Amino acid sequence: MSKTVLIQLTTAGPGTGPFDLYCVDIFGNITGPFETNVPKSELVAGFTSPNACDDIAAVKIISKSTLCNGDDIILSLP
């Protein structure tokens, strides 16, 4: 079974995206991706995914852009 999550970035720098989204459990184990090629515009507007794993505690967001040389983002879920 999957869990539905809402993910929204407050900002995303130039040259970032599209993004792949990964599940992070409470132990820091990473699985996925559960979504691929999510456009930056959708993440900034608020992206709902019904595909997150049941034990998700955080989302790891990785930009697929070759122009992006920043760190991966990990968002904790409430």
Side-chain angles (χ1 to χ4, degrees):
M1 180 159 232
S2 299
K3 187 178 276 188
T4 299
V5 294
L6 170 65
I7 303 149
Q8 185 172 19
L9 297 179
T10 56
T11 186
T16 60
F19 298 89
D20 288 347
L21 309 178
Y22 296 80
C23 289
V24 182
D25 68 16
I26 60 171
F27 303 107
N29 299 314
I30 299 170
T31 59
F34 65 91
E35 295 286 353
T36 59
N37 295 315
V38 179
K40 175 175 33 179
S41 60
E42 289 187 29
L43 280 178
V44 172
F47 178 76
T48 301
S49 172
N51 302 320
C53 54
D54 282 334
D55 59 352
I56 190 169
V59 177
K60 183 173 185 174
I61 303 171
I62 299 177
S63 176
K64 296 177 77 172
S65 171
T66 57
L67 301 175
C68 178
N69 58 5
D71 294 329
D72 300 338
I73 301 167
I74 297 184
L75 297 175
S76 296
L77 299 177

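Here the structure is a predicted model, which means the values were calculated and not measured. Every heavy atom of this structure was used, including side-chain atoms; hydrogens, water molecules and symmetry mates were not.
Looking at heavy atoms from C-beta onward, Ile26 lies out of side-chain contact with Asp55 at the 4.5 angstrom threshold. Between Pro50 and Thr4, some side-chain heavy-atom pair lies under the 4.5 Å cut-off.
Atom CD1 of Ile7 sits about 11.0 Å away from atom CD of Glu42, to the nearest 0.5 Å. For the atom pair CG of Leu9 and NZ of Lys40, the computed distance is 10.0 Å after rounding to the nearest 0.5 Å. Distance check, rounded to the nearest 0.5 Å: CD1 of Ile61 to CG of Leu43 gives 5.5 Å. Atoms OH and CD1, from Tyr22 and Ile30 in turn, are 9.0 Å apart once rounded to the nearest 0.5 Å. To the nearest 0.5 Å, atom CG of residue Asp25 and atom CD1 of residue Ile56 are 9.5 Å apart. A distance of 5.5 Å separates OG1 in Thr36 from CG in Asp20, rounded to the nearest 0.5 Å.
No option in Asp54, Val5, Thr31 other than Thr31 meets the side chain to side chain contact (heavy atoms under 4.5 Å, CB included) test with Cys23.
The main-chain N or O of Gly17 is found under 3.5 Å from a side-chain atom of Ser63 such that the two form a donor-acceptor pair. At least one donor-acceptor pair closer than 3.5 Å links the side chain of Ser65 to the backbone N or O of Gly15.
Across all their heavy atoms, Asn37 and Lys64 have their closest contact at OD1-NZ, 2.9 Å. Listed here is the closest heavy atom pair of Glu35 and Ser49: OE2-OG, 2.6 Å.
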